[in-house]
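Below is one structure; the comments refer to it alone.
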Amino acid sequence: MRMSNMFSRTLREAPNGAESKGYEYLLRAGFIKQLGAGIFSLLPLGFKSTKKIENIVRQEMDRIGGQEILMPVVNPGDLWKESGRYYSIDKELARFKDRVGRDMVLAMTHEEAVTDIARGEIDSYKRLPLFVYQIQTKFRDDPRPRAGLIRVREFTMKDAYSFDRDQAGLEKIYADNYRAYFRIYDRCGLPSIAVSSDTGMMGGKVAHEYMYLSPIGEDTIIICDECGYTANRQIAEIRKEYLKEEEKPIEKIATPHAKTIDDLAEFLDIPASKTCKAVFMVGSFINDRTGEEEDKLIAAFIRGDMEVEEAKLQHAAGANSLRPAHEEEITACGMVPGFASAIGAKGDFITIVDESAAYSNNLVAGANEEGYHYINTNFKRDYDGTVADIASAREGHLCPKCGKPLKARKGIEIGNIFQLGTKYSEAMNCTFQDETGVQKPCIMGCYGIGIGRLLACLAEEYNDEDGLKLPITVAPYEVHLVSLVKDQEIAEKIYEDLLNSGIEVLYDDRKESAGVKFADADLIGIPIRITLGNRSLKEGKVEVKLRSTGETTSYDISDLAKEIKAEIAKERAKIEDNIVEKNL
RNA sequence: CGGGUAGUAGCGCAGGGGCUAGCGCACUUGGUUCGGGACCAAGGGGUCGGUGGUUCAAAUCCACUCUGCCCGACCA
């Protein structure tokens, strides 16, 4: 590619709103261009990188037996009504009507579409297992896109789907994907960890998320350095110590102005762990057959020294979504915000009690009367409810596996794998006949990687004060040929030679000053830079500089292509040698 | 969806009722320079986000509206 003819140009200054380095450089180097909130075009350099990432993904999917297909972005709404997600997913699912008024959706994932195909293909256990994938556009109308390609509305995703006859089959392909994902990130050069995760709108039971740890991440990951336990905070468990003691008689006491746990603990001169905190949410419960929606108050109780994790609470209550409750909704059930407990409450609401509160004795809790609390309240004796783990794991809490203190880190989700089970196959009647003639639902799994987000994370990981320095496996070109010579003929010849040797070359043939060319080369960050200068050329030499290390070598022009191929192989080896097989 | 902030040339910004709307970079032409964002000279480019209003006069004041960004709610 000749830079004199390149569609995109570099920018000297960062466009307004590029707050992270990676995003800024992707914009300035001309990899991407914003079209609207959360909507980006890929320019030639960004598209090249994206294709490289896609090809790595493709190779690894093929390697574990994946068959590439392509499904439509536009799906009939009826299909999504079958799975129930037409109703259970809110505005994030973009809907429209076609010319005859049929409900249509822009697919945000493809469980429905693939299950529809599979139910037509799969009749016998002999057809299983099956594993397909696609690399395709998704649209999710995110309420708040941000940080460039990190969180967007339209994006390219590799999504894969497996169909098995039993759990053992699913677990095998799940483990294959688990390994393949690490190989993909390793081959892209992106550090990654796998964490146990929530299943969210996908449904199913077992799931892992792959995270790139970064301060700009929006997910919080709980990590145990000691035993390797890792989980998204949404589901991270902690070892809880219960304050067991002899039950004492309940007693109402005056606690004027003690509305918060801190106030209360200070007023009574007790630790927060001797109190019980109430958190009120309203859950939306959607009937996914009819789309009918019902709101219900959820009262969550947890020991005063802990916080409620909303995702856990949502699961425990079986709600589709949660929002904070309004004061009237709480008082309608006989509870008084600031002085609330389940004791003496009435009306239709769901009570979820964290283990910390349920298994500790003699806690101070609200008396549902302005200015009063009960001391020595005990679960079961004084109030009832569903016991669940709804505690939010924080740095310093104890590891559920080994009991050592946990750490909290920020991360960006770069992929996920789900054991779906039969959620979609049952809802959509995707069954097979086993040896005994019995119809059974296929056991499904799904596996996703956001391609653009991966590029964004790579840009975040690989940059310095001069620009990007993507690894050679994902950089748009292998070699940047910078010509500083007056007589372009020799440069043209070298360019041709390199191309003929099968090397991917970005050729700066522009009539620009050396400084401009070097600055642009650093900004775009192609791994190997060849500089053609008048002086060294007279001696038959050219300079080769690595973007990653700054290391410079001088080569004879006569065997340049051969030497460059060796350099490329070395750069590739730097990445490929770091591929580590990681098993589930 | 709530709070904040901003829309003026490709990018970054200034101007804040008055005559041809500026600056830096970028762009065009000519010349000099030529290994780390060169210099000189001459040029080209803008419905001042949109609509409506106030006024003799609006980029500037007012109302509404659209869009971007940040924080939160939210989210794979």
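Side chains are part of it too, since the values below use all heavy atoms of this structure and drop only hydrogens, waters and symmetry mates. The structure displayed is predicted, hence computed values, not measured ones. In what follows, chains carry the letters A, B, and so on, assigned in the order in which the sequence lines appear, proteins first and then strands, with residues in each chain numbered from 1.
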Which part of the nucleic acid, if any, lies within contact of [X], taking any heavy atom under 4.0 Å across all strands shown: a base, the sugar-phosphate backbone alone, or nothing?
| X | result |
| --- | --- |
| A:Gly448 | nothing |
| A:Asp90 | nothing |
| A:Glu543 | base |
| A:Phe155 | base |
| A:Ala521 | nothing |
| A:Glu310 | sugar-phosphate |

[X] [atom1] to [N] [atom2]: how many Å, rounded?
| X | N | atom1 | atom2 | answer |
| --- | --- | --- | --- | --- |
| A:Ile216 | B:C75 | CD1 | C1' | 16 Å |
| A:Lys33 | B:G10 | NZ | P | 10 Å |
| A:Lys511 | B:U28 | NZ | C1' | 15 Å |
| A:Leu93 | B:C75 | CG | C1' | 14 Å |
| A:Ile412 | B:C75 | CD1 | C1' | 14 Å |
| A:Glu218 | B:C71 | CD | C1' | 12 Å |
| A:Arg510 | B:C27 | CZ | C1' | 14 Å |
| A:Leu26 | B:C11 | CG | P | 18 Å |

Closest to side chain of [X], choosing from [options]:
| X | options | value |
| --- | --- | --- |
| A:Pro15 | B:C1, B:G12, B:G37 | B:G12 |
| A:Asp522 | B:C13, B:C11, B:G36 | B:G36 |
| A:Lys545 | B:C74, B:A26, B:G36 | B:G36 |
| A:Arg9 | B:A26, B:A76, B:G37 | B:A26 |
| A:Lys486 | B:G35, B:C34, B:G12 | B:C34 |
| A:Arg151 | B:C75, B:G35, B:A38 | B:C75 |
| A:Arg28 | B:C71, B:A76, B:G37 | B:G37 |
| A:Arg144 | B:G72, B:G35, B:C75 | B:G72 |
| A:Ser536 | B:C25, B:G35, B:G68 | B:G35 |
| A:Arg535 | B:A38, B:C71, B:G35 | B:G35 |

Nucleotide forming a Watson-Crick or wobble pair with [N], both distances under 3.5 Å:
| N | answer |
| --- | --- |
| B:G44 | none |
| B:G24 | B:C11 |
| B:G18 | B:C56 |

For [N], does OP1 or OP2 lie under 4.0 Å from any side-chain N or O of [X]?
| X | N | result |
| --- | --- | --- |
| A:Arg323 | B:A73 | no |
| A:Arg146 | B:C71 | yes |
| A:Ser513 | B:A38 | yes |
| A:Asn16 | B:C13 | yes |

Let me spell it out: for each of A:Ala514 and A:Val152, pick the nucleotide of RNA chain B with the closest heavy atom. Which residue's pick is nearer the 5' end?
A:Ala514
For RNA chain B, whose closest nucleotide is more 5', that of A:Ala14 or that of A:Glu209?
A:Ala14
What do you reckon, do A:Phe418 and the base of B:A76 stack, with centroid distance below 5.5 Å and planes below 30°?
no
Between the side-chain atoms of [X] and the base atoms of [N], is any donor-acceptor pair under 3.5 Å?
| X | N | result |
| --- | --- | --- |
| A:Arg529 | B:G36 | yes |
| A:Glu13 | B:G24 | yes |
| A:Gln34 | B:G68 | no |

Classify the ring geometry between A:Phe182 and A:Tyr210 as parallel (under 30°), tilted (30 to 60°) or perpendicular (over 60°).
perpendicular
A:Ser49 to A:Pro476 - nearest heavy-atom pair and separation
OG-CD, 3.3 Å
Taking A:Arg529 first and then A:Glu543, would you say they form a salt bridge - that is, a charged N and a carboxylate O separated by under 4.0 Å?
yes
SB check A:Asp141 A:Arg153 (cutoff 4.0 Å):
yes
Distance (rounded to the nearest 0.5 Å) between A:Cys446 SG and A:His110 NE2:
12.5 Å
Ring pair (Phe, Tyr, Trp, His ring centres under 6.0 Å) between A:Tyr25 and A:Phe31, worked out
CA-CA 8 Å; A:Tyr25 288 140; A:Phe31 277 55; over 10 Å; no
Identified side chain to side chain contact (heavy atoms under 4.5 Å, CB included) partner of A:Gln136 from the options A:Val73, A:Thr156, A:Ile69, A:Ile451
A:Val73
Any donor-acceptor pair under 3.5 Å from A:Tyr495 side chain to A:Met1 backbone:
yes
